[in-house]
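Reviewing the structure listed below.
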Amino acid sequence: MVEILEIMNTIDVKFTCDESELSKNIFYLTFDLAIDGCSPLKNNDDSFDIHDFIMSTRKDGTYFIWTCSCGDAECAGYVNGIEVRIGMDVTLWVDHDLEKTYIFDTHDLQAKAFMLENEISKWDQHAKSNGAELCIWPSWSMKYLLPALGIGL
């Protein structure tokens, strides 16, 4: 276990709000992710998929956490995705597009996903209280995102 802890990666996640479209009754959030303090994306105009990130903390599979700013991962050249294997203590991400492997603390990833789910619900209520719809870049509206995550509206 000591060897794994020495090579374990850190992950930071956050939302940034964008009220520039509030006059159109749309309140945007951008989901940002950093691994070991740096963006894992290959281009500055690429983005992250909040749905795939959260789902990747729940079950093994292949996820497109890196995506194009338009929401289509393949558009940005991410065609193979990230293979996720969740263990009791360690979660492994194998990025087949950028040929990188990451090892995270499973409990930390799941806690961050849960925190994001809570923030989504709070931001959604904030947007509604201002008469706006919450959307998360690049392409998620709450009408689709919350049911996809199993979060009630």
With Asn25, which residues qualify under side-chain hydrogen bond (donor to acceptor under 3.5 Å, both in side chains), at least two apart?
none
Residues in side-chain contact (heavy atoms from CB on, under 4.5 Å) with Asn9, at least two apart?
Ile35, Asp36, Tyr102, Ile103, Phe104
How would you list, by chain and number, every residue that makes a salt bridge (Lys or Arg N to Asp or Glu O under 4.0 Å) with Glu133, sequence neighbours excluded?
none
Under 3.5 Å, is there a donor-acceptor pair between the Thr106 and Thr91 side chains?
yes
side-chain contact (heavy atoms from CB on, under 4.5 Å) partners for Ser69, two or more places apart:
none
What verdict does the side-chain contact (heavy atoms from CB on, under 4.5 Å) test give for Tyr78 and Asp46, after you've listed the backbone C-alpha separation in whole Å, the side-chain angles of each residue and the deciding distance to 0.1 Å?
CA-CA 10 Å; Tyr78 304 114; Asp46 291 345; 2.6 Å; yes
Partners of Asp18 by salt bridge (Lys or Arg N to Asp or Glu O under 4.0 Å), sequence neighbours excluded?
none
Once ring pair (Phe, Tyr, Trp, His ring centres under 6.0 Å) is applied, do any residues pair with His107, and if so which ones, sequence neighbours excluded?
none
Show which residues join Trp137 in its hydrophobic cluster (side-chain heavy-atom contacts under 4.5 Å, direct or indirect), or state none.
Ile26, Tyr28
Going by side-chain contact (heavy atoms from CB on, under 4.5 Å), name the residues that satisfy it together with Lys122, two or more places apart in sequence or in a different chain.
none
Does Phe64 have any ring pair (Phe, Tyr, Trp, His ring centres under 6.0 Å) partners at least two apart in sequence or in another chain, and if so, which?
none
Going by salt bridge (Lys or Arg N to Asp or Glu O under 4.0 Å), name the pairs with one or both residues in residues 52-61, residues two or more places apart or in two chains.
Arg58-Glu117
Quick one: OG1 on Thr67 to NE2 on His51, what's the gap to the nearest 0.5 Å?
13.0 Å
Look at the side chain of Asn43 and the backbone N and O of Asp45, then say whether any donor-acceptor pair between them is shorter than 3.5 Å.
no
Within the distance-only criterion (no hydrogens, no angle test), does the side chain of Lys112 pair as donor or acceptor with the backbone N or O of Val13 below 3.5 angstrom?
no
Those residues at least two apart in sequence (or on a different chain) that pass side-chain contact (heavy atoms from CB on, under 4.5 Å) with Asn130 are His126
Tell me whether the NZ or CZ atom of Lys128 lies within the 45° cone about the ring axis of Phe27 and under 6.0 Å from its centre.
no
With salt bridge (Lys or Arg N to Asp or Glu O under 4.0 Å) as the rule and sequence neighbours excluded, what pairs involving residues 76-85 come up?
Glu83-Arg85
